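Worksheet: one structure, shown below.
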Amino acid sequence: MELFEKIKDGGRISASEALEIWNGGFYALARCARARVESLGLGDGVGYIVNRMINYSNICRARCKFCAYHAKAGVIDAFRLSDDEILKIVEDSVSCGAVQIMLQGGLHPDFDLDWACSILRKISSAYPKLALHAFSPSEVICFADGAGVPVIEALRRLKDSGLTSLPGAADLLVEDIRKNYCPLKCSVSRWREVMLSLASLGMRSSATMTFGMGETLAQRLEHLEFVRSVQDECGVFDAFIAWPLAPENTELKDIPRLGAAEFLMTLALSRAFLDNIRNVQSGWLTEGLDIAQLALNMGANDVGGVLMDEMVVRAAGIDNKTGSSGMEECIRRAGKVPFRRDNFYRRIS
Ligand code: SF4
């Protein structure tokens, strides 16, 4: 197949060529994804990170239609962790070997830039080697707007307080979808502004994609094209992570959840399309380890983090859990070689 050869040689494919591969079916997608892995020289090593997600609050004024986590969705009572509670969880996580802490909450004026800097300082001064991969672009914009400073200034203060990198939390970067499902989250152009600002400060991020909210394949490709263009502009992404929406307990509960085949096909399509992002995660948190294992032969080269105590996906009724041994077994069963990595996708063992 001509497109297979093009990808194998490191060539870029257009959206219409991606569509052509999609129409070729599961096997064509798998072949093209593996060709991209080969052209990037990734080999058989598959990384994972020991980390913890601290969801510090579910009080959020955004009330996105696809979210079961915010308090008004009625699944989890409203809560906000105190700084002492957060620090205690960090301490426990470090004693369990965590090298990365993620902090994610909601959008609320009470969570201001001063608080965000203060909690980062408290954690980073106690654990200077710990990576703090924290706050979404929407949270950063909320901090910046609340403080009346430009996004780049908010990021500079967060960086000076200990922020290492930012999760991409992109959902779908398609303006019509955002207006309909998450109008109070950041717009596509402000998401890009956060990424360009991060890059100019020498910081890193990831690009994500949540799909299966009734969008068309063309809209998924629009998202991927936008991510690829931002990466061309500033090279800020270390990884791409895609997962299907878990509609249970959300306002989109009538949309049927996508099956494993569509997840794997979308993952493979993303890998073939994103020629400028080195790492693609396998999405075990929503799909489980068996599907993650298959994903490692459909373009993924990383299984992400063990994510102790993640709450956002659990609120949608999905309760997948694992530890280091589960991760390593999943990787070995896929015929790959596991290694632990750090926040920047570098091998640490
Ligand atoms: S997805 Fe994030 S911003 Fe949207 S309602 Fe849920 S917690 Fe709030």
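All values reported here derive from a predicted model rather than from experimental measurement. Along the sequence shown, residues carry numbers from 1. Whatever order the structure lists them in is the order used to number ligands and atoms, beginning at 1.
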Parallel, tilted or perpendicular: rings of Phe135 and Phe143 (30°, 60°) | perpendicular

Indicate the ring-plane relationship of Tyr56 and Trp115, choosing parallel, tilted or perpendicular according to the 30° and 60° boundaries.
-> tilted

Is any protein N, O or S atom closer than 2.8 Å to atom 8 (Fe) of ligand 1, and if so, which?
-> Cys60 SG

Who pairs with Cys60 by side-chain contact (heavy atoms from CB on, under 4.5 Å), at least two apart in sequence or on another chain?
-> Ala62, His70, Leu107

Sequence neighbours excluded, which residues qualify as salt bridge (Lys or Arg N to Asp or Glu O under 4.0 Å) partners of Lys336?
-> Asp44

Shared hydrophobic cluster for Phe344 and Val50 (ILVMFWY, side-chain gaps under 4.5 Å) = no

Sorted by chain and number, sequence neighbours left out, salt bridge (Lys or Arg N to Asp or Glu O under 4.0 Å) with Asp238 holds for Arg204

